[in-house]
Amino acid sequence: MAAPTVKLNSGYDMPLVGFGLWKVNNDTCADQIYNAIKAGYRCFDGACDYGNEVEAGQGVARAIKDGIVKREELFIVSKLWNSFHDGDRVVPICRKQLADWGLDYFDLYIVHFPVALKYVDPSVRYPPGWSYENDKVEFSTATIQETWTAMETLVDQKLARSIGISNFSAQLVMDLLRYARIRPATLQIEHHPYLTQTRLVDYAQKQDITVTAYSSFGPLSFLELDMKNAQETPLLFEHATVKSIAEKHGKTPAQVLLRWATQRNIAVIPKSNNPTRLAQNLDVTGWNLESSEIDSISSLNKNLRFNDPLNYGLYVPIF
């Protein structure tokens with residue numbers, strides 16, 4: 001089984017369902033990628049900050065070597081970390097990340113956060129994280145325009161086929177579109193029934209920017225991080241609304257949550273190391289929820305955001 005694709009404004013096709021690499025352990029990452037490719041996944045969403053790009057590349061290389069897939073059949077995504085926003089840092093770090101993956105190009109390369117931090121040389125610490133020294137956050141003077149102009153160079157140099165953004169507000173997207181020579185192909189945001197971000201999603205889609213949801217299962221991804229608001233929030237898998245819809249369709253709550261997004265043309269990037277759930281998460285496009293069911297799930301919105309620097313004890317109030 002393979003996921004259907006969505007046509008990006010760059011002209012390339014991106015699978016509507018991908019495999020997210022956030023919090024995938026280094027010791028299992030290569031196997032998880034390999035097994036996900038065998039299960040039918042073709043889109044893999046990585047990042048410098050996840051610290052597992054070398055291992056992810058090993059999984060890809062093994063699958064290609066074994067003849068399971070060709071490189072051109074894969075859609076590999078990575079992200080520019082905050083410490084590399086200065087214009088002259090973008091191309092070199094993208095080349096390093098490509099080398100880590102063992103690739104010649106990324107299908108999509110994304111600005112991870114609209115936050116420019118002081119440069120940390122990869123030889124000193126990699127991935128650099130949020131802090132510069134002594135657990136202090138130090139900012140760079142790079143503007144989003146400076147960073148985006150360098151991102152466009154990646155397309156010119158064929159290091160990335162498409163470029164995108166993540167964790168941007170509608171206001172920042174509006175500003176970016178005023179000067180962008182190459183429009184962002186995607187906007188990746190935290191998106192689940194507790195945080196629907198309807199206005200932002202509608203605006204991006206009207207601008208022909210494909211929206212990708214991360215943390216589609218809400219608080220579940222953040223429990224292991226000991227995040228207070230995640231621990232105090234009812235799990236979506238156990239919510240009566242989600243459970244009843246899942247039972248009606250003979251699907252799992254996870255499948256319902258993913259279909260709630262994909263049915264509205266929002267791409268998703270779940271992950272699992274369980275073969276059964278891997279297949280289930282990919283099966284979220286061949287059946288439909290009723291419009292009333294989509295509305296009832298959307299009505300669970302609490303404007304509750306988990307992936308916020310403030311929740312990690314970092315004073316970076318971007319949301």
Side-chain angles (χ1 to χ4, degrees), residues 6 8-10 14-16 18-24 43-53 75-85 90 93-94 97 106-117 127-130 140 142-148 150-152 154-155 160-177 180 182-192 195-197 199-201 203-205 207-216 221-222 261 266-271 305-312 314 316-319:
V6 58
L8 302 180
N9 62 27
S10 57
M14 181 180 78
L16 199 57
F19 187 98
L21 294 174
W22 181 45
K23 295 192 304 172
V24 172
C43 177
F44 293 89
D45 183 88
C48 157
D49 191 50
Y50 303 163
N52 55 15
E53 293 194 293
F75 193 97
I76 306 297
V77 184
S78 191
K79 303 181 186 76
L80 176 79
W81 184 244
N82 310 332
S83 309
F84 308 108
H85 276 218
V90 174
I93 197 62
C94 181
Q97 290 175 257
F106 287 121
D107 294 275
L108 175 65
Y109 193 67
I110 296 173
V111 178
H112 204 150
F113 281 93
V115 179
L117 297 180
W130 284 89
S140 159
T143 63
I144 292 175
Q145 184 171 5
E146 176 183 339
T147 303
W148 190 252
M151 291 283 289
E152 292 170 329
L154 300 177
V155 179
R161 288 185 165 181
S162 303
I163 49 178
I165 49 180
S166 182
N167 299 304
F168 275 52
S169 66
Q171 299 95 317
L172 289 178
V173 178
M174 288 178 190
D175 187 66
L176 174 59
L177 292 177
I182 301 174
R183 292 168 71 88
T186 67
L187 168 65
Q188 189 173 126
I189 57 172
E190 181 179 343
H191 176 271
H192 45 75
L195 183 68
T196 57
Q197 304 205 71
R199 292 180 180 179
L200 177 57
V201 170
Y203 175 71
Q205 291 182 335
Q207 293 297 322
D208 196 24
I209 299 171
T210 298
V211 176
T212 298
Y214 68 77
S215 299
S216 294
S221 299
F222 301 90
I266 296 173
V268 293
I269 46 173
K271 74 169 186 289
R305 185 186 303 276
F306 300 105
N307 194 36
D308 185 333
L310 296 180
N311 289 340
Y312 301 106
L314 300 162
V316 187
I318 59 175
F319 297 116

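The chain is numbered in sequence order, starting from 1. Note that this is a predicted model, so its numbers are computed, not measured.
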Just by modelled atom types, is the [Y] backbone N or O under 3.5 Å from a matching donor or acceptor in the [X] side chain?
X    : Y    : result
S215 : E190 : no
R161 : S10  : no
N82  : L117 : no
D308 : F319 : no
E152 : I182 : yes
D107 : I76  : yes

Identify the heavy atoms of [X] and [Y] that sit nearest to each other, and give their distance.
X    : Y    : result
V173 : I165 : CG2-CD1, 3.8 Å
C48  : P128 : SG-CD, 4.1 Å
S166 : P114 : O-CD, 3.8 Å
P184 : L176 : CG-CD2, 3.9 Å
G46  : L21  : CA-CD1, 3.8 Å
A185 : N9   : CA-OD1, 3.4 Å

Measuring from [X]:[atom1] to [Y]:[atom2], what's the distance to the nearest 0.5 Å?
X    : Y    : atom1 : atom2 : result
L108 : K79  : CG    : NZ    : 8.5 Å
I266 : T196 : CD1   : OG1   : 9.0 Å
F168 : I318 : CZ    : CD1   : 9.5 Å
I269 : T212 : CD1   : OG1   : 6.5 Å
S78  : Y50  : OG    : OH    : 8.5 Å
Q97  : Y109 : CD    : OH    : 3.5 Å

**Request:** Apply ring pair (Phe, Tyr, Trp, His ring centres under 6.0 Å) to F306 and list each qualifying residue two or more places apart in sequence or on a separate chain.
**Result:** H192, F222
**Asked** Does any non-hydrogen side-chain atom of H191 lie less than 4.5 Å from one of V211?
**Response** no
**Asked** Side chains of Q207 and L187: closer than 4.5 Å at any heavy-atom pair?
**Response** no
**Request:** Determine the interplanar angle of the W81 and H112 rings, folded into 0 to 90°, and report it as parallel if under 30°, tilted if 30 to 60°, perpendicular if over 60°.
**Result:** perpendicular
**Request:** Could you list the residues that satisfy salt bridge (Lys or Arg N to Asp or Glu O under 4.0 Å) with D175, not counting sequence neighbours?
**Result:** R178
**Message:** Go through it in stages, so that I can follow the logic: the residues are L80 and C94, the test is side-chain contact (heavy atoms from CB on, under 4.5 Å), and I'd like the CA-CA distance, side-chain angles, deciding distance and then a yes or no.
**Reply:** CA-CA 7 Å; L80 176 79; C94 181; over 6 Å; no
**Asked** Hey, mind stepping through L8 and F75 against side-chain contact (heavy atoms from CB on, under 4.5 Å) and telling me if it holds?
**Response** CA-CA 12 Å; L8 302 180; F75 193 97; 3.9 Å; yes
**Asked** What do the steps show when you test L195 against I189 for side-chain contact (heavy atoms from CB on, under 4.5 Å), and what is the final call?
**Response** CA-CA 10 Å; L195 183 68; I189 57 172; over 6 Å; no
**Prompt:** What residue among T143, T147, I144, V115 forms side-chain contact (heavy atoms from CB on, under 4.5 Å) with H85?
**Reply:** T147
**Request:** Please report the C-alpha distance between T210 and M14 in whole Å, then the side-chain angles of each, then the deciding distance to 0.1 Å, and finally whether the side-chain contact (heavy atoms from CB on, under 4.5 Å) criterion is met.
**Result:** CA-CA 10 Å; T210 298; M14 181 180 78; 4.0 Å; yes
**Request:** Show the numbers, then the answer: is there a side chain to side chain donor-acceptor pair (under 3.5 Å) between Q171 and S169?
**Result:** CA-CA 5 Å; Q171 299 95 317; S169 66; 3.2 Å; yes
